[in-house]
Amino acid sequence: MGKFRITPSGPLKGKIKIQGSKNAALPIMAAAALHDGFTIIKNCPRIKDVDNMALLLTDLGCRVFWQNQMLVIDAKDINKTVLNENISSKFRASILLLGAMVGRCNNVTVYTPGGCKIGARPIDLHIKAMTELGVLVDVKDNVLKAACDKLVAGNIIFSQKSVGATQNAILAAVFAKGKTVIKNASKEPEVKALIDALVIMGADIDITHFEDNIIEINGVSQLYDSVVEVVPDRIVLGTYMGAVLLCGGTVLFENCDIKLTRGYLDILVGMGLKVSEDENGGLLATADTRIQAIRLIKTGPYPEFPTDLQSVIMGLLSVAQGKSTLVEKVFENRLSMAKVLNDMGADIIVNNEYAYIRGVEKLRAVTAKTTDLRMAAALIIICLIATDESIIEDEYIFRGYEDIVGDLNKLGAKVLYDEAEAT
Ligand code: EPZ
């Protein structure tokens with residue numbers, strides 16, 4: 001558990017690079033386990049979830065090491081098919097080793113990363129995907145055993161969209177003999193990032209109908225040593241663009257292009273952010289007026305508004321001019337930050353998945369504890385405009401944000417971090 005001390009900040013100014021995407025790096029690391037050789041991952045973010053995925057892979061027999069900002073994974077000597085329970089229970093993405101290890105070894109024991117504060121997070125869709133590929137799956141308590149003699153291509157039709165289940169289906173189908181068709185697949189950029197990496201590694205994946213949520217995988221017999229690159233993190237970018245809207249100022253996001261903002265740019269612009277593509281590359285974001293309310297925002301599967309930015313938007317709307325309704329349609333319990341904002345003087349009424357927000361002029365400083373990493377990031381940037389210094393106690397944020405303190409302070413903010421006790 002660590003403590004952030006946030007001092008009210010004036011306008012943000014300067015330029016920063018956005019880290020590699022957590023939710024693209026993790027499935028790509030799982031994909032490395034498919035291949036009995038080297039996979040070099042460029043622009044991999046140095047975050048706790050990546051460290052824990054690296055520990056899981058090492059425990060399975062891989063060699064994993066950093067070479068500058070590149071993560072090198074040598075998965076030649078995988079000699080185990082039972083995941084380390086303690087490590088895998090620390091983060092949801094450990095479930096992605098289900099598809100990768102079924103693909104590599106036709107056999108794996110994983111621990112279902114149970115629910116968390118934002119929702120129950122079941123894995124029924126992951127199990128369905130494996131079953132459609134001829135895998136026998138047995139779940140007892142939190143232990144999931146999956147095995148098959150031979151992977152067979154299948155038709156997977158998801159009853160609802162799931163990023164992780166789509167990724168697991170793709171990973172398990174890479175070596176499945178024949179053509180696997182996934183329908184109602186998720187098409188988040190992080191699914192596309194996994195596909196792009198696998199194709200570089202030698203997989204045969206057809207995304208002709210990707211916009212219609214259809215992915216087709218023709219089984220291959222092997223993959224090859226490859227170098228793949230992680231895209232910038234669109235959620236970290238959206239978080240910092242939110243900070244510009246809150247504090248005002250002008251920031252250049254050097255390694256980002258407009259495509260990264262699909263699904264949320266229109267909302268931020270509607271609130272008053274000005275965004276342009278800089279002639280030297282990168283995205284320039286400017287704000288100099290009070291945030292404007294947006295009447296209705298609903299989160300949903302890509303390209304709808306991303307649930308991972310919902311906490312940031314709630315903070316922005318809490319000080320906007322006007323009333324807004326925010327609807328969280330993806331996770332059943334992800335509006336809990338409203339309580340903290342109301343302690344700061346916000347005016348938010350939560351009813352099930354609806355948050356009714358009437359913007360106020362000012363927010364008081366707060367001392368609060370976080371319950372998930374996206375809420376942690378949202379609270380830190382919202383405290384930049386509180387009337388006094390705030391204290392945020394948190395144990396999640398470094399799972400997903402490489403250096404939020406350094407990034408914000410580079411732009412003129414005053415954020416201190418004190419690792420009160422080692423986690
Ligand atoms: C991924 O989680 C992301 N995590 C989440 O980001 C993100 O919020 C989420 O996708 C939605 O975009 C990673 O990529 C590591 P889902 P995932 O399966 O795959 C239900 C962050 O902060 N569902 O798309 O677990 C589920 O309960 C994290 O970076 C089932 O019912 O999300 C949810 O309501 C938070 N059965 C909905 O689907 C299943 O088998 C979407 O979940 C699987 C999911």
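Counting starts at 1 for both ligands and their atoms, in listed order. This chain uses plain numbering: 1 for the first residue, then up along the sequence.
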Problem set entry | Closest candidate by heavy atom, reference atom 22 (O) of ligand 1, pool R374, E328, R92 | R374
Problem set entry | From P122, A93, S311 - option closest to atom 43 (C) of ligand 1 by heavy atom | P122
Which residue supplies the protein heavy atom nearest to [atom], what is that atom called, and how far is it?
atom: atom 17 (P) of ligand 1; result: R121 NH2, 3.8 Å
atom: atom 32 (O) of ligand 1; result: F331 CZ, 4.0 Å
atom: atom 33 (C) of ligand 1; result: V330 O, 3.5 Å
atom: atom 11 (C) of ligand 1; result: T307 CG2, 4.0 Å
atom: atom 24 (O) of ligand 1; result: V163 N, 2.8 Å
atom: atom 8 (O) of ligand 1; result: D308 OD1, 2.7 Å
atom: atom 20 (C) of ligand 1; result: Q160 NE2, 3.5 Å
atom: atom 40 (O) of ligand 1; result: L125 N, 2.8 Å

Backbone or side-chain N or O of [X] under 3.5 Å from ligand 1 N or O:
X: E188; result: no
X: E332; result: no
X: N23; result: yes

So, [X] versus [Y]: side-chain donor-acceptor pair below 3.5 Å or not?
X: Q19; Y: N43; answer: no
X: E328; Y: T307; answer: yes
X: T208; Y: D206; answer: yes
X: Y302; Y: R234; answer: no
X: Y396; Y: T371; answer: no
X: D407; Y: Y240; answer: yes
X: N155; Y: K183; answer: no

Which atoms of ligand 1 have any heavy atom of [X] under 4.0 Å away?
X: R334; result: 8 (O), 22 (O), 35 (C)
X: G164; result: 18 (O), 19 (O)
X: I123; result: 39 (C), 40 (O)

Exercise. What part of K128, side chain from CB on, backbone N/CA/C/O, both or neither, has a heavy atom under 4.0 Å from ligand 1?
Worked result: neither
For this session: Salt-bridge test for E188 and K192: reply yes if a basic N is under 4.0 Å from a carboxylate O, no otherwise.
Result: no
For this session: Could you tell me whether E254 and K17 make a salt bridge, using a distance below 4.0 angstrom between a side-chain N and a carboxylate O?
Result: yes
Exercise. Considering residues, nucleotides and ligands other than R5, do more than 12 of their heavy atoms fall under 6.0 Å from its CZ?
Worked result: no
Problem set entry | Within 6.0 Å of CG in N79, more than 12 heavy atoms from elsewhere | yes
